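Counting starts at 1 for both ligands and their atoms, in listed order. A quick note: this is a predicted structure, and the numbers were derived from the prediction, not measured.
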Amino acid sequence: MSNESLANLLKEERRFAPPAGLAAEANVTAEAYERAKADRLGFWAEQARRLSWETEPTETLDWSNPPFAKWFADGRLNVAYNCVDRHVENGLGDRVAIHFEGEPGDTRSITYAELQREVSKAANALIELGVQAGDRVAIYLPMIPEAVVSMLACARIGAPHSLVFGGFSADALATRIKDADARVVITADGGYRRGKPSALKPAVDEALTRPGTENVRSVLVVRRTGQEDIAWSEGRDVWWHDLVEAQSDQHTPQAFDAEHPLFILYTSGTTGKPKGILHTTGGYLTQISYTHHAVFDLKPETDVFWCTADVGWVTGHSYIVYGPLSNGATEVLYEGTPDSPHQGRWWEIVQKYGVTILYTAPTAIRAAMKWGDDIPAKFDLSSLRILGSVGEPINPEAWVWYRKHIGADRTPVVDTWWQTETGGIMISPLPGVTETKPGSAQVPLPGIAATVVDDDAREVANGSGGYLVLTEPWPSMLRTIWGDDQRYLDTYWSRFEHKYFAGDGAKKDDDGDIWLLGRVDDVMLVSGHNISTTEVESALVSHPKVAEAAVVGATDPQTTQAICAFVILRGDADAHEEGLVEELRAHVGKQLGPIAKPKRILPVAELPKTRSGKIMRRLLRDVAENRTLGDVTTLTDSSVMTLIQSQLPTAS
Ligand code: ATP
Ligand code: MG
């Protein structure tokens with residue numbers, strides 16, 4: 001990337017000040033930045049005291065063998081105790097921890113006291129299955145309370161969990177079981193997706209026929225859908241309702257070292273083969289608990305928090321399980337899809353539970369935009385006070401729509417940048433402090449050091465773009481890639497000396513605020529200019545007929561790469577309308593300049609996305625360049641690619 005790279009193309013002038021009431025009562029104020037700047041490690045040591053330690057740490061960071069970090073290394077604690085038992089001991093046993101909403105409409109509210117009993121029983125069951133501290137447990141479940149209970153039960157006995165998204169195939173599951181060398185798999189007969197039961201157990205049975213999965217001794221099966229023709233392997237398979245329900249609901253948690261492994265989680269695979277990211281105990285929980293308190297301004301007595309992510313990806317780990325529960329929050333857990341049985345289902349849930357804080361992904365916001373403003377307008381969303389976004393850069397137009405149509409033009413929107421590798425939120429506005437800018441994650445959180453550098457690792461000036469890097473270790477950082485220290489070094493620490501390379505392009509605006517510009521691999525080179533896919537996509541989405549856009553650079557003999565855009569139109573727009581493509585090209589030209597005009601624009605019905613909702617541009621690049629498709633195993637729906645290929649004009 002050259003230095004004039006990612007020039008400041010997009011101009012976004014809209015600003016939103018924090019609501020006065022929220023600012024006056026905010027959990028975290030501007031002073032936190034100063035405090036953390038003056039003494040970063042002291043700041044994190046102070047945040048570690050949010051937790052209950054069996055042995056308080058005296059050390060904060062051991063960075064004697066970089067980039068292998070140890071945080072709070074001489075401290076000892078139990079994560080499940082911190083997320084459950086201590087709240088019960090503090091008299092909060094009757095507080096609802098989880099309002100579960102099943103897709104078919106079944107519901108269950110679980111208090112902290114009940115959660116303590118459930119987690120204890122599940123921990124006892126795992127012990128009966130022979131699981132010991134350090135053994136890996138694979139979890140392949142729908143979004144049901146047992147998923148949360150299983151994770152906490154593993155944490156309670158020191159068995160690192162490895163969640164595999166319930167929508168993944170037997171192949172993807174087998175690869176992950178093998179890589180983590182799991183000993184037990186926890187699954188269900190099935191779950192509900194789009195109004196129908198969808199089986200899970202057959203994928204486990206198939207995965208366990210693959211070489212490398214032989215060490216799995218037991219499969220613990222939750223009955224969720226009650227399908228009858230379920231295959232059973234005697235001696236290996238055991239029903240949750242037989243084994244777990246028979247256990248004592250008492251279990252005394254034992255403390256583990258702060259650096260004891262808590263979980264392995266595979267990245268979403270947007271850029272290639274997924275990486276098994278290893279997270280440990282004390283530093284992880286410290287940062288997750290702090291960021292959940294700070295970024296969402298959580299008031300556990302009155303807030304109802306809802307993170308719509310799946311527990312099978314990192315947002316679910318950190319902001320459904322470990323953040324909210326360590327903070328004693330009340331939260332919603334929803335099993336299904338946003339449009340089952342109708343496109344207002346989410347807004348109905350917000351209204352029903354009085355959700356005050358909603359955390360979701362740009363893909364969901366763009367889908368809601370596409371379905372139309374009138375749908376959320378039918379529901380009472382007045383309980384909402386903070387909205388969050390994560391997973392991809394959020395197009396300014398989607399940000400503004402979210403604030404206006406979901407947040408009544410009243411709620412702050414926090415755009416949170418982070419990764420599986422960072423464990424928790426790293427760059428984000430603070431809702432009571434930051435004047436927000438649509439489309440920008442803006443500032444590193446207190447205690448976090450992030451910046452943008454050029455090819456030579458020099459920090460870029462305001463108004464310029466380059467690579468996002470993290471310049472100091474942080475408590476919830478990954479410790480390595482499971483079983484592959486070399487890949488850890490190569491992927492993150494070799495591009496720039498002493499700096500963590502995030503793999504994302506970014507720019508600093510004139511105020512020094514950070515804007516994410518998409519994956520470094522996705523940046524396009526057009527006639528000597530680096531152009532960010534994100535900016536062209538945002539320009540397209542700012543056109544009233546476009547709901548969603550994915551842009552890639554395809555090899556081109558004249559211009560090195562040519563911009564090729566795939567667009568999904570809003571509900572009432574017509575893909576065959578004459579002059580539409582020209583109108584969109586002209587619109588991008590006006591927004592960003594002639595250089596950024598796409599050479600080709602193709603209206604499509606769907607875009608290829610990972611299970612975590614991210615657009616997989618590398619596959620679209622394969623299409624645009626007429627190549628055979630790369631790895632599609634982490635796609636939500638691989639038929640989307642066939643559909644797109646069939647819609648392509650044969651020559652351009
Ligand atoms: P892989 O590393 O296997 O390709 P992945 O990067 O998609 O998978 P995740 O760790 O789930 O897997 O995603 C992290 C990435 O998501 C970030 O590196 C960034 O590209 C993107 N991202 C997340 N939040 C934001 C945000 N608020 N703004 C811009 N980009 C974001
Ligand atoms: Mg990544």
Side-chain angles (χ1 to χ4, degrees), residues 163 165 168 172 175-176 179 264-277 279 291 295 307 309-319 359-365 387-396 398-399 402 413-429 436-445 450 452 467-470 476-478 481 487-488 491-492 500-507 513-523 532-535 537-538 608-619 630-631 633-636:
L163 268 88
F165 182 83
F168 280 159
T175 321
R176 287 163 178 74
D179 190 76
I264 302 165
L265 182 63
Y266 294 82
T267 57
S268 85
T270 312
T271 56
K273 181 174 173 276
K275 304 172 273 282
I277 303 302
H279 283 289
T291 52
V295 174
C307 167
D310 194 279
V311 284
W313 69 293
V314 72
T315 304
H317 281 56
S318 298
Y319 300 106
Y359 191 29
T360 192
T363 180
I365 299 164
L387 303 176
S389 173
V390 60
E392 284 184 292
I394 178 164
N395 317 105
W399 192 108
Y402 190 29
V413 174
V414 288
D415 173 14
T416 63
W417 177 88
W418 58 295
Q419 313 175 294
T420 309
E421 293 88 338
T422 68
I425 300 171
M426 301 294 281
I427 307 178
S428 168
T436 51
K437 303 177 177 178
S440 175
Q442 297 186 278
V443 272
L445 289 180
V452 181
Y467 307 95
L468 181 71
V469 292
L470 303 170
S476 65
M477 67 192 282
L478 76 167
I481 291 178
R487 192 171 177 208
Y488 170 64
T491 311
Y492 308 107
Y500 172 90
F501 172 61
D504 286 339
K507 73 181 181 196
D513 282 337
I514 295 176
W515 295 69
L516 275 303
L517 297 177
R519 314 301 177 121
V520 168
D521 315 359
D522 288 339
V523 170
S532 114
T533 48
T534 301
E535 289 192 308
E537 287 163 6
S538 288
K609 292 194 181 151
T610 61
R611 298 295 334 205
S612 54
K614 297 173 206 285
I615 299 171
M616 258 226 238
R617 290 179 194 71
R618 66 178 165 81
L619 295 178
D631 182 7
T633 52
T634 64
L635 273 188
T636 314

Is it the case that Thr360 and Tyr402 place a side-chain donor and acceptor less than 3.5 Å from each other?
no

Within reach of ligand 1, part of Leu516 (heavy-atom separation under 4.0 Å):
side chain

For atom 20 (O) of ligand 1, which protein heavy atom lies nearest, and how many Å away is it?
Asp504 OD1, 2.8 Å

Salt bridge (charged side-chain N to carboxylate O under 4.0 Å, His left out) filter on Asp513, not counting sequence neighbours, yields Lys437

Within 4.0 Å of some non-hydrogen atom of Asp415, the atoms of ligand 1 are 26 (C), 27 (N)

Please list the nearest protein heavy atom to atom 6 (O) of ligand 1 with its residue and the distance rounded to 0.1 Å.
Arg519 NH1, 2.8 Å

What's the verdict on side chain to side chain contact (heavy atoms under 4.5 Å, CB included) for Leu445 and Ser428, showing C-alpha distance, side-chain angles and the deciding distance?
CA-CA 6 Å; Leu445 289 180; Ser428 168; 4.3 Å; yes

Leu517 versus Thr533, closest heavy-atom pair with distance
O-OG1, 4.1 Å

Nearest heavy atom to atom 13 (O) of ligand 1 wins, so pick from Lys275, Gln419, Lys614.
Lys614

Which heavy atom of the protein is the closest neighbour of atom 5 (P) of ligand 1, given with residue, atom name and distance?
Ser268 OG, 3.3 Å

Anything under 30° is parallel, anything over 60° is perpendicular, the rest tilted; go ahead and classify Tyr500 against Tyr492.
parallel

Go through ligand 1 atom by atom and flag the ones less than 4.0 Å from a non-hydrogen atom of Thr420.
9 (P), 10 (O), 11 (O)

Who pairs with Trp399 by ring-ring contact (aromatic ring centres under 6.0 Å, His included), at least two apart in sequence or on another chain?
Phe16

Mode of Glu392 contact toward ligand 1 - side chain, backbone, both, neither (heavy atoms, under 4.0 Å):
backbone

Please confirm whether Val314 approaches ligand 1 to less than 4.0 Å, judged on its heavy atoms.
no

Protein contact of atom 29 (C) of ligand 1 - nearest heavy atom, named by residue and atom, plus distance
Pro393 N, 3.1 Å

Criterion side chain to side chain contact (heavy atoms under 4.5 Å, CB included) on Glu537 and Glu392, from CA distance to verdict
CA-CA 12 Å; Glu537 287 163 6; Glu392 284 184 292; 5.9 Å; no

Below 4.0 Å from ligand 1: does a non-hydrogen atom of Gly391 turn up there or not?
yes

Select one of side chain, backbone, both or neither to describe which atoms of Thr416 lie under 4.0 Å from any atom of ligand 1, heavy atoms only.
backbone

Value rounded to 0.5 Å, distance of NZ in Lys275 from CD1 in Ile264:
15.5 Å

Should Thr175 and Tyr266 be marked as a side-chain hydrogen bond (donor to acceptor under 3.5 Å, both in side chains) after you check the CA-CA gap, both sets of side-chain angles, and the distance that decides it?
CA-CA 10 Å; Thr175 321; Tyr266 294 82; over 6 Å; no

Establish, from distance only, whether the side-chain atoms of Lys609 and Thr363 form a donor-acceptor pair under 3.5 Å.
yes

Judging by distance only, is a nitrogen or oxygen of Ser389 under 3.5 angstrom from one on ligand 1?
no

Proximal ligand 1 atoms for Glu421, defined as those under 4.0 Å from one of its heavy atoms:
10 (O)

State whether the shortest distance between N or O atoms of Ser612 and N or O atoms of ligand 1 falls below 3.5 angstrom.
no

Proximity winner for atom 1 (P) of ligand 1, if only heavy atoms of Ile514, Thr267, Leu265 are counted
Thr267

